[in-house]
Amino acid sequence: MIMKNSKLIISSLVILSLGSGPVRAQLPLYLDETKGIEERVEDALGRMTLDEKIAVIHAQSKFSAPGVKRLGIPDMWTDDGPHGVRPDVLWDEWVQAGQTNDSCVAFPALTCLAATWNPQMARLYGESLGEEALYRDKDMILGPGVNILRTPLNGRNFEYMGEDPFLASRMVVPYVQGLQSKGVSSCVKHYALNNDETYRHQVNVKVSDRALHEIYLPAFKAAVQEGGAWALMGAYNLYNNQHNCHNSILLNDILKRDWGFDGVVVSDWGGTHDMDQAVKNGLDMEFGTWTDGLMMGATNAYDNYYLALSYKKAIQDGRYTERELNEKVRRVLRLHFRTTMNRQRPYGALCSDAHYDAARKIGQEGIVLLKNDRRLLPLNPRGAKRILVVGENAIKPMTVGGGSSSLKVQREISPLDGLRKVILSESPGCTIDFARGYVGDTTSFYNNVKMHVDLTENRQPQELIAEAVEKARGADYVLVFGGLNKSNHQDCEGTDREEYGLPYGQDGLIEALSKVSNKLVFVNISGNPVAMPWRSRVAAIVQGWFIGSEAGNALADVLLGRVNPSGKLPFTWYEALEDCAAHALNTYPGTWRADESKIIDEEYKEGVFVGYRWTDRQRRRPAYAFGHGLSYTTFSLSKAVADKKEITAADNITFTVSVKNTGAVAGAEVVQLYVSDKKASVERPLKELKAFQKVFLQPGESRDVRLTIGRDALSFYDEATSSWKAEPGEFEALIGTASDQISSKVKFLLK
């Protein structure tokens with residue numbers, strides 16, 4: 001493939017008529033790159049053979065699909081995300097390829113990104129990840145994930161963006177746009193209703209149309225219609241008794257017909273189960289079916305895919321026409337012209353200073369200060385002699401493990417190292433001591449990626465607690481780094497958590513430390529909320545997430561006051577598991593069918609009442625509300641004012657509130673606007689998030705924040721008409737800094 005006169009020369013077979021009969025000759029064919037993508041798609045499609053069409057719609061290796069070599073179309077290379085570019089594996093196996101140039105920067109997990117409540121951070125995230133992917137010659141990153149946090153036991157919540165569909169929608173759009181601005185396709189996942197891990201291949205979700213459209217689909221819709229996503233990945237679970245990788249309602253009706261999606265639907269690896277459904281129900285590219293090397297007596301395992309030789313034979317036998325096949329190939333070609341055949345793609349960069357800076361900044365903004373009694377934080381090491389750090393999560397790498405998002409990083413700064421680096425350089429009179437406190441998973445490798453930390457520990461739990469307590473006596477501060485990790489039945493793909501409480505006996509450790517120190521800080525490292533029965537006896541609590549390569553630096557920045565925390569919870573932190581609707585109604589994890597032992601029916605009886613919508617309805621006070629997050633400064637909000645009292649369906653209404661930093665340090669506050677429908681023909685949540693804005697202010701500075709909403713913010717999904725409906729009547733805008741911290745209420749009328 002060469003360039004000539006701004007045109008792409010493609011070698012092809014052309015039939016010439018030379019008197020006595022046709023002669024096949026190898027001649028160059030010109031494809032004008034100034035043509036639009038659709039013209040180029042149709043041109044290429046018209047040149048492809050049946051074998052070439054079949055080849056491009058399924059994998060040829062663990063993570064690649066073939067292009068069309070005869071036409072100069074490269075292979076399509078995918079890789080796992082969404083937090084970094086996964087290390088390469090062997091062609092047919094999950095075993096790491098053993099390369100030395102496939103390390104990466106690990107960016108914060110998506111729960112941390114969502115906790116920034118800052119779409120600019122999502123754009124930065126996507127652009128940085130796209131540059132890393134380009135350097136590694138990846139054309140598609142399998143992410144981001146936007147499934148809703150329905151239960152805090154879901155092992156994969158850390159990869160998603162919380163419980164609220166509006167927040168997830170606002171954060172996914174710039175992520176997708178940033179990634180694809182680099183010529184790398186996003187693959188938004190897992191579409192849809194992927195809210196369980198343990199039985200993810202067997203769960204058949206039974207959910208109302210209203211809940212589907214109001215809660216579980218909006219982030220996907222925004223990614224498609226606003227973000228312009230080039231690919232979506234189907235989920236493992238079932239909906240309406242069809243697997244979601246070939247689900248007629250989700251893929252054909254909603255995604256492609258109603259939303260106008262022109263991209264590629266990719267199966268999750270091993271998510272394809274039936275050729276007829278794969279052909280007819282919207283799947284475009286099949287990955288992960290029987291890819292463990294050569295098997296079943298076949299020369300090539302990938303020929304046994306549902307969309308491979310069996311599909312080709314069915315076409316040749318007349319069972320199908322090429323109509324469905326051509327539509328799949330069009331979408332794949334469109335993806336190629338956006339990625340592999342896009343000559344405007346920039347150059348990539350791997351492990352650059354800019355990427356580490358981005359990871360650190362996102363982590364800083366996402367860290368949430370949950371509690372800060374007596375203003376214990378930020379720490380003051382200059383006035384201290386000894387600080388004790390306790391807990392395995394202070395030293396355990398968190399970029400390795402957890403399933404497909406596991407990474408091989410160039411470096412990962414632990415919380416202990418991050419604190420030591422700053423304190424020893426700036427406060428030489430203060431020492432940092434460490435006590436293990438508890439032992440969790442001491443496995444030192446995952447999928448052949450080895451941790452560079454030896455977690456071996458032979459002492460018994462009581463010995464570890466006794467050591468920590470003894471060291472805590474007389475310490476100026478005691479910082480416990482606990483929470484979850486990325487092992488099975490914690491924050492991990494493939495399994496759900498088995499309990500809401502902290503694992504590894506951490507409760508006993510914290511209780512014992514609280515008796516000898518009144519300057520106890522608990523830093524929860526996780527992607528999920530946890531039970532904290534000792535909460536009232538701990539002075540300060542910080543949600544530290546899985547932050548990635550810059551974890552220790554970002555946490556030290558916040559704990560030591562270099563950065564003022566501004567993160568807000570993207571989910572409700574329940575006091576007890578029974579406060580969550582899925583558990584209060586005993587609908588999780590569903591029930592096995594009596595007549596079909598391989599399928600579990602899980603009915604979402606709570607409907608639209610997920611997260612804060614449920615606790616509001618039940619008048620239950622959570623440990624920490626959705627949108628909650630403290631600061632080292634204070635803010636005041638003026639009374640909100642609307643620019644009109646009445647609107648029509650075609651109008652927008654803008655609410656203005658003045659925000660002032662009334663404290664002594666610079667900081668950021670998130671102004672949140674919720675909408676309440678005062679009288680509706682259906683039961684609606686007491687309030688729903690419909691707008692927000694993060695504002696950064698110097699001490700004493702004030703700024704007006706304007707939040708604008710329209711008819712879509714007032715609508716609910718009407719099941720009778722299968723459409724969105726905004727009923728005339730009275731509404732109320734509730735404006736504040738968390739779902740339980742409302743400072744202004746403004747009524748208005750929809751005419």
Side-chain angles (χ1 to χ4, degrees), residues 111 114 146-158 160-169 192-200 203-219 235 237 239 496-501 526-532 569-591 600-628 674-677 680 682-690 716-717 719 734 738-740:
T111 41
V146 291
N147 292 101
I148 294 298
L149 191 154
R150 178 176 178 255
T151 163
L153 297 190
N154 182 8
R156 213 163 183 177
N157 282 335
F158 72 96
Y160 301 145
M161 296 188 183
E163 72 182 34
D164 185 78
F166 182 81
L167 176 61
S169 296
L193 301 161
N194 185 198
N195 307 113
D196 305 55
E197 282 297 301
T198 297
Y199 298 111
R200 59 184 177 169
V203 170
N204 177 54
V205 175
K206 305 176 79 171
V207 62
S208 69
D209 285 349
R210 186 177 161 211
L212 178 69
H213 285 271
E214 289 189 24
I215 303 296
Y216 299 101
L217 294 186
N237 54 282
Y239 164 69
D496 287 337
R497 296 167 62 191
E498 295 179 326
E499 60 180 349
Y500 189 46
S526 78
N528 267 308
V530 298
M532 297 187 291
L569 286 178
F571 49 63
T572 301
W573 198 299
Y574 303 106
E575 194 75 67
L577 192 59
E578 293 72 27
D579 296 335
C580 171
H583 299 274
L585 298 175
N586 295 314
T587 63
Y588 169 88
T591 56
I600 301 174
D601 286 323
E602 186 167 345
E603 184 177 1
Y604 289 16
K605 293 180 181 179
E606 70 277 9
V608 300
F609 294 95
V610 176
Y612 68 89
R613 292 164 170 82
W614 174 259
T615 53
D616 280 353
R617 184 193 195 203
Q618 300 301 112
R619 300 291 196 270
R620 300 298 294 268
R621 180 179 291 274
Y624 300 107
F626 172 80
H628 170 81
Y674 299 81
V675 169
S676 176
D677 189 344
V682 297
E683 186 183 12
R684 301 192 67 177
L686 294 179
K687 61 178 177 291
E688 298 174 276
L689 181 71
K690 294 299 178 182
F716 64 89
Y717 189 80
E719 295 181 335
L734 299 88
S739 62
D740 66 343

Here the gap from F158 atom CZ to S526 atom OG, rounded to the nearest 0.5 Å, amounts to 11.0 Å
Roughly how far, to the nearest 0.5 Å, is CG of D209 from CG of L217? 9.5 Å
Is there a side-chain contact between F716 and V608, using heavy atoms and a 4.5 Å cut-off? no
Looking at E688 and R613, does any basic side-chain N land under 4.0 Å from a carboxylate oxygen? yes
Do side-chain atoms of N237 reach the backbone of A192 as a donor and acceptor pair under 3.5 angstrom? yes
Only counting residues at least two apart or in another chain, list the ones meeting side chain to side chain contact (heavy atoms under 4.5 Å, CB included) with T587. R150, A582, L585, K605, E606
First locate atom CZ of R156, then atom CZ of R200, and finally report the distance between them rounded to the nearest 0.5 Å. 6.0 Å
Residue set satisfying salt bridge (charged side-chain N to carboxylate O under 4.0 Å, His left out) with K687, at least two apart, ordered chain then number -> D616
Straight-line distance of T572 OG1 to L149 CG, nearest 0.5 Å: 8.5 Å
Check: D601 main-chain N/O paired with N204 side-chain donor or acceptor under 3.5 Å: no
Once ring-ring contact (aromatic ring centres under 6.0 Å, His included) is applied, do any residues pair with F609, and if so which ones, sequence neighbours excluded? none
Would you find a donor on one side and an acceptor on the other, under 3.5 Å apart, between the side chain of T198 and the backbone of D496? yes
Residues in side chain to side chain contact (heavy atoms under 4.5 Å, CB included) with P529, at least two apart? P152, Y500, F571, W573
For residues L153 and Y588, determine if any side-chain heavy atom of one lies less than 4.5 Å from a side-chain heavy atom of the other. yes
Answer yes or no: does atom OH of Y199 have more than 12 heavy-atom neighbours from other residues, nucleotides or ligands under 6.0 Å? no
Tightest non-hydrogen contact, residues E719 and S208, listed as OE2-CB, 3.4 Å
Might you point out which heavy atoms bring A625 and P622 nearest each other, and give the distance in Å? CA-CG, 3.8 Å
May I ask you to check whether Y604 and N195 show a side-chain donor-acceptor distance below 3.5 Å? yes
If you measure from the Lys or Arg side-chain nitrogens to the Asp or Glu carboxylate oxygens, is any gap between R617 and E683 under 4.0 Å? yes
Show the nearest heavy-atom pair for residues V610 and Y216, with the distance to one decimal. CG2-OH, 3.6 Å
Nearest heavy-atom approach of D164 to I148 is C-CD1, 4.1 Å
Taking all non-hydrogen atoms of both residues, which atom of A114 and which atom of P570 are closest, and how far apart? CB-CB, 3.9 Å
Can you confirm whether I600 sits close enough to P589 that some side-chain heavy atom of one is under 4.5 Å from a side-chain heavy atom of the other? no
Can you sort out the partners of F626 under ring-ring contact (aromatic ring centres under 6.0 Å, His included), two or more places apart, ordered by chain and number? W117, Y612
Step by step, work out the side chain to side chain contact (heavy atoms under 4.5 Å, CB included) result for S676 and L686. CA-CA 6 Å; S676 176; L686 294 179; 5.6 Å; no
Which residues pass the salt bridge (charged side-chain N to carboxylate O under 4.0 Å, His left out) test with E578, not counting sequence neighbours? none
Could you grab the distance from atom CG of D740 to atom CZ of R621, nearest 0.5 Å is fine? 6.5 Å
Are the side chains of E603 and T591 in contact, using a 4.5 Å heavy-atom criterion? no
Run the side chain to side chain contact (heavy atoms under 4.5 Å, CB included) test on D579 and W614 for me, step by step, so that the C-alpha distance in whole Å, both residues' side-chain angles and the decisive distance to 0.1 Å come before the verdict. CA-CA 8 Å; D579 296 335; W614 174 259; 6.0 Å; no
Does A235 offer a backbone N or O that forms a donor-acceptor pair with the side chain of N194 under 3.5 Å? no
Nearest heavy-atom pair of Y239 and V205: which atoms, and what distance? CD1-O, 3.6 Å
Test side chain to side chain donor-acceptor pair (under 3.5 Å) applied to N528 and T151, N157, T111, N154, the passing residue: N157
